[in-house]
Amino acid sequence: MHDARLLLELGDEAVRRLARRGYTLDLAGLEALSSRRARAIGRVDELRAESKRAAGEVGRAAKAGSSSTEVPAELTALKERARELKDRIREAEDEVEAAEAALRDVLLTIPNLPSDDAPDGDSDADAVEVRRVGEPPAFGFTPRDHVALGEAMGILDFGRAAKLSGARFSVARGPGAVLERALASFFLALHTGRHGYTEFSVPHLVTRETMTGTGQLPKFEEDLFRTGTGDRDLYLIPTAEVPLTNLHADEILPAEELPLAYTAWTPCFRSEAGSYGRDTRGILRLHQFSKVELVRLCAAEESGRELETMLGHAETCLQELGLVYRVVRLAAGDMGFAAQLTYDVEVWLPSQDTYREISSCSDCGTFQARRAGIRAKDAHGGRGQVATLNGSGLPIGRTMAAVLEQCQDEDGSVTLPEALVPFTGFRRLLPDGSTD
RNA sequence: GGAGGAUUGGCCGAGCGGCCUAAGGCGCACGAUUGGAAAUCGUGUUGGGGCAACACCCCUCACGGGUUCGAAUCCCGUAUCCUCCGCCA
């Protein structure tokens with residue numbers, strides 16, 4: 001969420017920047033809502049000040065009159081005036097509430113301002129390639145996709161997944177399930193051990209307020225799974241970014257403790273509304289997948305540097321696994337609602353002969369922190385703004401698909417990256433489903 | 001699910017209808033003192049908002065309502081924590 005005042009100060013600059021992501025900012029409308037709110041608050045404040053003075057007068061009059069036995073007519077009149085004031089305050093308060101709600105409703109739906117570093121455009125085709133790491137392997141045979149490999153080995157079972165839950169779910173079996181767990185353990189060990197992240201285990205169901213803090217709501221309700229059971233109305237998290245970032249909602253953090261670096265391995269639930277027909281095969285796009293997520297909270301002015309740091313952590317995952325990938329900078333119009341600058345890391349998928357997104361690392365600036373009420377204060381009481389960043393490090397399913405495909409041999413077996421072996425306990429997946 | 005108790009400023013803790021613009025202590029910051037420090041003394045120290053304004057004003061004693069001219073204080077509801085019973089992994 002933006003600070004209305006800052007947005008108005010930016011003026012045409014804000015209009016120009018939001019236009020880059022296809023959002024038309026109504027400056028005049030915003031100005032009107034903002035001043036309506038200010039006027040309403042000013043009026044309530046005046047009335048309340050008057051009311052307090054009136055109450056004081058009544059108190060003094062009552063005290064002065066308490067010694068005499070007569071009913072003080074003056075006191076009755078004073079009380080009557082105070083009572084009238086109260087009614088007027090109530091009316092004025094209703095207007096404040098209405099004005100604030102109107103302003104807030106608009107502010108909550110304005111996306112973050114894209115950084116000038118984000119290229120123009122509104123699709124993945126407009127992304128700018130930053131670097132390629134590794135050479136796509138040249139197979140002396142036609143590489144199979146992860147579905148063919150996984151089903152042949154009996155470690156992936158889409159038929160039974162569909163029986164249980166319908167389309168866009170997967171079942172992993174035996175060494176497949178072990179590989180999932182191993183990848184998660186490997187990533188977590190890397191981030192907590194070498195990159196300095198603190199691991200969390202967090203709720204997978206969160207409130208509407210929590211979803212609003214990171215920007216999933218109110219605009220993207222249709223992307224989420226919602227449970228309205230009993231007297232609770234909770235949402236399944238689409239990524240651990242949501243609980244991790246909101247851990248400090250409505251808190252004032254000691255500035256000297258920043259940056260905070262958090263990680264968690266959680267399931268992610270996405271409705272994938274509007275993606276009918278896309279990636280229907282395999283484990284690339286599911287309603288439920290698991291992912292190790294990275295979140296950083298830092299001083300506002302550090303966020304650019306922090307993004308590079310976090311991107312490095314995501315890339316390390318791929319480098320350690322020896323996977324071929326590239327890094328692109330997303331176009332202004334292709335970024336998520338809360339992001340001001342996003343790098344996508346794309347892994348090479350031999351079966352598709354292309355790079356596919358495996359990590360998205362975003363600098364959200366102060367956008368989410370302002371929504372979620374995350375602030376900072378230094379030892380001298382100086383206030384500071386907080387920036388939030390999030391990135392995948394990495395999703396388990398897509399990583400597994402990349403490993404299967406990039407590390408496959410002609411006979412249908414897969415030789416795992418050396419780094420995974422301590423976590424799996426085996427180094428090869430064989431075509432018959434056994435391990436070695 | 002049921003019964004009882006609790007919730008005050010960074011922390012401890014007073015407060016039980018107007019003098020709460022929240023006592024006192026601890027901590028912290030700044031200053032004085034000192035060769036320097038400790039001790040001591042002084043000043044300051046929740047967080048938001050209106051406004052050109054560190055002036056002034058409003059809100060904030062878990063949260064939301066209510067009673068009253070006036071609520072930290074009385075009433076109702078909610079949340080969280082603690083104790084006990086039930087249930088359960």
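As a basis for the values below, the full set of heavy atoms in this structure was taken, side chains included, without hydrogen atoms, waters or symmetry mates. For clarity, every value in this text was computed on a predicted model and none was experimentally measured. Naming: A, B, ... by sequence-line order, numbering from 1 per chain.
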What's [X] touching, base or sugar-phosphate or nothing? Going by heavy atoms closer than 4.0 Å.
X        : value
A/Lys52  : sugar-phosphate
A/Ala49  : sugar-phosphate
A/Arg375 : sugar-phosphate
A/Ala55  : base
A/Arg90  : sugar-phosphate

Between A/Arg208 and A/Glu221, does any side-chain N to carboxylate O distance fall below 4.0 Å?
yes

Once you round it to whole Å, what is the distance between [atom2] of [N] and [atom1] of [X]?
X        : N     : atom1 : atom2 : answer
A/Asp87  : B/G66 : CG    : P     : 12 Å
A/Ile89  : B/G65 : CD1   : C1'   : 17 Å
A/Asp45  : B/A55 : CG    : C1'   : 16 Å
A/Glu209 : B/U80 : CD    : P     : 13 Å
A/Glu97  : B/G65 : CD    : P     : 8 Å
A/Glu46  : B/C58 : CD    : P     : 11 Å
A/Glu50  : B/G70 : CD    : C1'   : 15 Å
A/Glu100 : B/G50 : CD    : C1'   : 11 Å

Applying the Watson-Crick and G-U wobble criteria at under 3.5 Å, what pairs with [N]? Answer none if nothing qualifies.
N     : value
B/C26 : B/G10
B/U68 : none
B/G86 : none
B/C41 : B/G31
B/U78 : B/A62
B/C19 : none
B/C56 : B/G50

Hey, which sits more toward the 5' end of RNA chain B by its nearest nucleotide, A/Ile252 or A/Ala82?
A/Ile252

Pick the closest RNA chain B nucleotide for A/Gly42 and for A/Glu80 by heavy atoms, then say which residue is nearer the 5' end.
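Whichever sits nearer the 5' end wins; that is A/Gly42.
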
Can you say whether the rings of A/His191 and A/His195 are parallel (under 30°), tilted (30 to 60°) or perpendicular (over 60°)?
tilted

Using the [atom1] atom as the reference point in each nucleotide, state the distance between [N] and [M] in Å, no decimals.
N     : M     : atom1 : answer
B/A22 : B/C56 : P     : 15 Å
B/A3  : B/A89 : P     : 25 Å
B/C69 : B/G64 : P     : 23 Å
B/G47 : B/G86 : P     : 47 Å
B/U46 : B/C11 : C1'   : 13 Å
B/U60 : B/A71 : P     : 9 Å
B/U78 : B/C20 : P     : 34 Å
B/U40 : B/C51 : C1'   : 43 Å

To the nearest 0.5 Å, what is the distance between CG (A/Leu244) and OH (A/Tyr262)?
9.0 Å

Below 4.0 Å: OP1/OP2 of B/G50 and any side-chain N or O of A/Arg5
yes

Counting only side-chain N and O atoms of A/Arg37, is one of them less than 4.0 Å from OP1 or OP2 of B/C51?
no

Whether the side chain of A/Thr263 engages the backbone of A/Thr198 through a donor-acceptor N/O pair (distance < 3.5 Å, no angle test) should be reported.
no

Whether the side chain of A/Ser35 engages the backbone of A/Ala32 through a donor-acceptor N/O pair (distance < 3.5 Å, no angle test) should be reported.
yes

Taking the side chain as every heavy atom from C-beta outward, state whether A/Arg427 and A/Glu418 have any atom pair closer than 4.5 Å.
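A/Arg427 reaches A/Glu418 side chain to side chain.
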
Consider the side chain of A/Lys86, meaning its heavy atoms from C-beta on, and name the nucleotide among B/C58, B/C69, B/C51 that approaches it most closely.
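For A/Lys86, the side-chain atoms sit closest to B/C69.
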
Are A/His287 and A/Phe269 near enough that their ring centres are under 6.0 Å apart?
no

